[in-house]
Amino acid sequence: GQNIDQPTEMTATEGAIVQINCTYQTSGFNGLFWYQQHAGEAPTFLSYNVLDGLEEKGRFSSFLSRSKGYSYLLLKELQMKDSASYLCAVSRAAGNKLTFGGGTRVLVKP
Amino acid sequence: KAGVTQTPRYLIKTRGQQVTLSCSPISGHRSVSWYQQTPGQGLQFLFEYFSETQRNKGNFPGRFSGRQFSNSRSEMNVSTLELGDSALYLCASGMEQETQYFGPGTRLLVL
């Protein structure tokens with residue numbers, strides 16, 4: 001199947017850490033993307049994982065386990081501007097077709 | 001490099017009309033994909049074009065069509081508009097099997 005599951009909403013405090021999990025069906029898997037989308041705006045690219053392991057980019061890190069069909073996005077030192085939806089997307093077919101999860105809305109509170 | 005551009009940014013149509021949306025990819029990108037985003041269904045893949053050929057297609061009715069020109073610019077067309085077609089239509093461009101970058105989107109309202 002194409003199901004990509006991620007929590008609907010998460011709340012965290014400014015300066016804290018939040019981990020957003022994403023699970024997916026492993027058949028035909030090519031790679032996994034994380035995008036950030038602020039309300040009313042287009043998604044912006046955060047990370048791309050193809051191989052198992054952790055990719056770190058400043059305050060944001062993304063982890064992938066291909067065998068478990070599992071990824072997470074870790075946001076550290078949360079800032080108010082991090083309040084947004086975070087979208088997990090899987091690439092399967094040849095080409096650039098992405099299947100998106102429903103998105104996780106993160107609310108950062110002071 | 002300039003980012004992905006989409007025109008128009010906002011559009012209001014009535015049921016039964018047709019609409020054409022345009023997307024200019026990042027220079028050098030040959031792949032252009034189209035997505036529909038609604039509050040209820042989230043982001044859904046419409047189709048992908050690569051070197052003027054449709055390479056992937058989502059599960060949308062035939063009213064939704066697209067094309068790509070030799071300069072990689074792409075258009076999508078929706079005929080016989082329905083109320084449920086109201087959505088944000090996003091275009092993304094990329095290289096082969098690599099990161100896709102999204103444009104600002106066209107917000108379509110069907111009355």
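Every chain is numbered from 1 and lettered A, B, ... according to where its sequence line falls, protein lines coming before strand lines. The figures here come from the full heavy-atom set of this structure, side chains too, leaving out hydrogens, waters and symmetry mates.
A continuous path of Ile, Leu, Val, Met, Phe, Trp and Tyr side chains, each step under 4.5 Å between heavy atoms, connects Leu78(A) with Leu46(A), placing both in one hydrophobic cluster. Follow the hydrophobic side-chain contacts under 4.5 Å out from Val19(B) and you reach Tyr89(B) in the same cluster. One hydrophobic cluster holds both Leu74(A) and Phe63(A) under the rule that ILVMFWY side chains link at heavy-atom gaps under 4.5 Å. Taking hydrophobic clusters as Ile, Leu, Val, Met, Phe, Trp and Tyr residues chained together by side-chain heavy-atom distances below 4.5 Å, Leu88(B) does not share a cluster with Leu11(B). Under the 4.5 Å side-chain heavy-atom criterion for ILVMFWY residues, a single connected hydrophobic cluster contains both Val78(B) and Phe60(B).
When all heavy atoms of Gly103(B) and Ala42(A) are compared, the closest pair comes out as O-CB, 2.8 Å. Across Gln100(B) and Lys97(A), no two heavy atoms sit closer than the pair NE2-N, 4.5 Å. Across all their heavy atoms, Phe33(A) and Thr99(B) have their closest contact at CE2-CA, 3.5 Å.
Of the two parts of Glu48(B), only the side chain, counted from C-beta on, holds a non-hydrogen atom closer than 4.5 Å to a non-hydrogen atom of chain A. For Gln37(B), the part sitting under 4.5 Å from any heavy atom of chain A is the side chain, from C-beta outward, and nothing else. For Phe47(B), no part lies near chain A; criterion is any non-hydrogen pair under 4.5 Å.
Side-chain atoms of Leu43(B) and Tyr35(A), non-hydrogen and from C-beta on, never get closer than 4.5 Å to each other. Phe45(B) is not listed as a side-chain neighbour of Thr99(A), based on a closest heavy-atom distance of 4.5 Å or more.
Atom NZ of Lys68(A) has 12 or fewer neighbouring heavy atoms from other residues, nucleotides or ligands inside a 6.0 Å radius. Applying the 6.0 Å contact sphere to CD of Glu77(A) captures no more than 12 heavy atoms from other residues, nucleotides or ligands.
Rounded to the nearest 0.5 Å, atoms CZ (Phe102(B)) and CG (Leu98(A)) are 6.0 Å apart.
Each of Gly31(A), Gly101(A), Pro43(A) has some count of heavy-atom pairs under 4.5 Å with chain B, and the biggest count is that of Pro43(A).
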